[in-house]
Amino acid sequence: MKKIKKAIFKYWKNDSIGLIRLTLELILVFGLITYFNYKQTDISIRQLRIQERQQQILDKQILIFDYEHRPKFQIVEYYEQKDSLHHCITEGIQIQNEGYPIDAREIEIYSFFEIDNGENVKTIFPVKLYYRIGTINRNERDVLETLSGTWNCKDFFKFRDELHTYKVSYHWALKKFHVIRIKWKDVLKKEHISYYSTDVYQPNQEINSKEALKLIKLHDQDFKIHMQKPINTELIIDKVKNTGYNKVYN
């Protein structure tokens, strides 16, 4: 350090103007280096922002493409047959597509009865063959599949009336709903599975797979309400009173 100071002092003594010039040149050089580094950093930041915007635009384009090329499923239940008093005898259901046409698909319907005991506890019963007669259309949109039963809604209302003849269950509320699983492929041949519910509180709404599979799993149980067999009302009452059977607590 002493040698450097001595050399600078000697240089200053012999050529002070040259030392000033050299110092200014060094300051200029370092200043330019700093400036160019700053500009390069600024350019890099701007390029990064441009790339981020391009990625955002691409993501939006993908979302728009996906939306425009997705089916829009609609679940429609209807009274297929009524008696002279306009009471339902047979009920039907249609799975419709109002969106982009699809070809490959597989449709399954899982039916359930729900009994609310009026004390913030609901019991879910898997139901077999509420819809059992089906017509699969080869349409790529509009009506994809139509199903019906044999006096299904008539038997449902008969069971509801019988349930209300018992003192313990006369105030219980009975309803039915279905979970529809639709397997389909998009325009890029990528496979998807969509789940829909006909629950009166969320009509024709797509539901998440976790919620749907939790309900579908109930159909693996040994006990089911079979629509082609007489419904044992007393057994159903016992299941509702059983705190370990398919309970949903509000």
Quiz item: Is any NZ, NE, NH1 or NH2 atom of the basic residue among Lys175 and Glu114 found under 4.0 Å from an Asp or Glu carboxylate oxygen of the other?
Solution: yes
Practice problem: Taking atom CD of Glu108 as the centre, report whether more than 12 heavy atoms of other residues, nucleotides or ligands fall under 6.0 Å from it. | Solution: yes
Quiz item: Mind checking what makes side chain to side chain contact (heavy atoms under 4.5 Å, CB included) contact with Asp220, not counting sequence neighbours?
Solution: Lys217
Self-check item: Worked verdict on Phe113 versus Arg160 for side-chain contact (heavy atoms from CB on, under 4.5 Å)
Solution: CA-CA 10 Å; Phe113 287 174; Arg160 183 194 63 183; over 6 Å; no
Self-check item: Modelled atom types, side-chain donor and acceptor of Glu91 and Tyr130, under 3.5 Å
Solution: yes
Practice problem: Look only at the side chain of Lys224 and the backbone of His219, and say whether a donor-acceptor pair between them is shorter than 3.5 Å. | Solution: yes
Self-check item: Pairwise side-chain contact, Tyr245 with Gln221, heavy-atom cut-off 4.5 Å (strictly under)
Solution: yes
Exercise. With side-chain contact (heavy atoms from CB on, under 4.5 Å) as the test, would you mind laying out the steps for Gln96 and Val76 before giving the verdict?
Key: CA-CA 8 Å; Gln96 302 176 357; Val76 178; 3.8 Å; yes
Self-check item: Heavy-atom check, side chain of Glu52 versus side chain of Leu48, under 4.5 Å
Solution: yes
Exercise. Could you walk me through whether Phe157 and His87 pass ring-ring contact (aromatic ring centres under 6.0 Å, His included), step by step?
Key: CA-CA 10 Å; Phe157 290 122; His87 296 154; 8.2 Å; no
Quiz item: Do Tyr78 and Met227 belong together in a cluster built from hydrophobic side chains that touch within less than 4.5 Å?
Solution: no
Exercise. Apply side-chain contact (heavy atoms from CB on, under 4.5 Å) to Gln54 and Ile50, showing your working.
Key: CA-CA 6 Å; Gln54 289 175 336; Ile50 291 172; 3.9 Å; yes
Quiz item: Considering only heavy atoms from C-beta outward, does the side chain of Phe73 approach that of Leu144 to under 4.5 Å?
Solution: yes
Exercise. Determine, using the 4.5 Å side-chain heavy-atom cutoff (strictly less than), whether Leu188 and Tyr100 are members of one ILVMFWY cluster.
Key: yes
Exercise. Mark yes or no for whether His178, through its side chain, and Ser197, through its backbone, hold a donor-acceptor pair below 3.5 Å.
Key: no
Quiz item: Is any side-chain heavy atom of Tyr195 closer than 4.5 Å to a side-chain heavy atom of Asn208?
Solution: no
Exercise. Report yes if some heavy atom in the side chain of Asp142 is under 4.5 Å from a heavy atom in the side chain of Asn97; otherwise report no.
Key: no
Quiz item: Does any N or O in the side chain of Asn152 come within less than 3.5 Å of the main-chain N or O of Thr90, such that one atom is a donor and the other an acceptor?
Solution: no
Quiz item: Linking I/L/V/M/F/W/Y whenever any side-chain heavy atoms sit under 4.5 Å apart, do Ile225 and Leu129 land together?
Solution: no
Exercise. May I ask you to decide if Leu163's main-chain N or O and Ser169's side chain share a donor-acceptor pair within less than 3.5 Å?
Key: yes
Quiz prompt | Check: Lys247 and Thr123 side chains under 4.5 Å, non-hydrogen atoms | solution = yes
Self-check item: side-chain contact (heavy atoms from CB on, under 4.5 Å) assessment of Ile237 paired with Trp172
Solution: CA-CA 10 Å; Ile237 291 174; Trp172 291 357; 3.9 Å; yes
Self-check item: With His192 via ring pair (Phe, Tyr, Trp, His ring centres under 6.0 Å) - residues at least two apart
Solution: Trp184
Quiz item: Cation-pi between Lys239 and Phe125: NZ/CZ under 6.0 Å from ring centre and within 45° of the ring axis?
Solution: no
Quiz item: Between atom NZ of Lys229 and atom NZ of Lys128, what is the distance when rounded to the nearest 0.5 Å?
Solution: 7.0 Å
Quiz item: With distance as the sole test, does Asp238 use its side chain to make a donor-acceptor pair with the main-chain N or O of Lys241 at under 3.5 Å?
Solution: no
Quiz prompt | Validation row: Asp155, Ile231 side chains within 4.5 angstrom (heavy atoms) | solution = no
Quiz item: Should the heavy atoms of other residues, nucleotides or ligands under 6.0 Å from CD of Glu234 be counted, would the total exceed 12?
Solution: no
Self-check item: By side chain to side chain contact (heavy atoms under 4.5 Å, CB included) - contacts of Ile133 (at least two apart)
Solution: Ser148, Thr150
Quiz item: Can Leu235 be reached from Val240 by stepping across I, L, V, M, F, W or Y side chains whose heavy atoms are under 4.5 Å apart?
Solution: yes
Quiz item: What is the distance from atom CD of Glu206 to atom OH of Tyr196, rounded to the nearest 0.5 Å?
Solution: 4.0 Å
Self-check item: Close side-chain approach of Ile109 to Ile95, heavy-atom, < 4.5 Å
Solution: yes
Quiz item: Rounded to the nearest 0.5 Å, how far does CD1 of Ile93 lie from OG1 of Thr198?
Solution: 6.0 Å
Exercise. Answer with yes or no whether the hydrophobic clustering places Trp151 together with Phe159; edges join I, L, V, M, F, W, Y residues whose side-chain heavy atoms lie under 4.5 Å apart.
Key: no
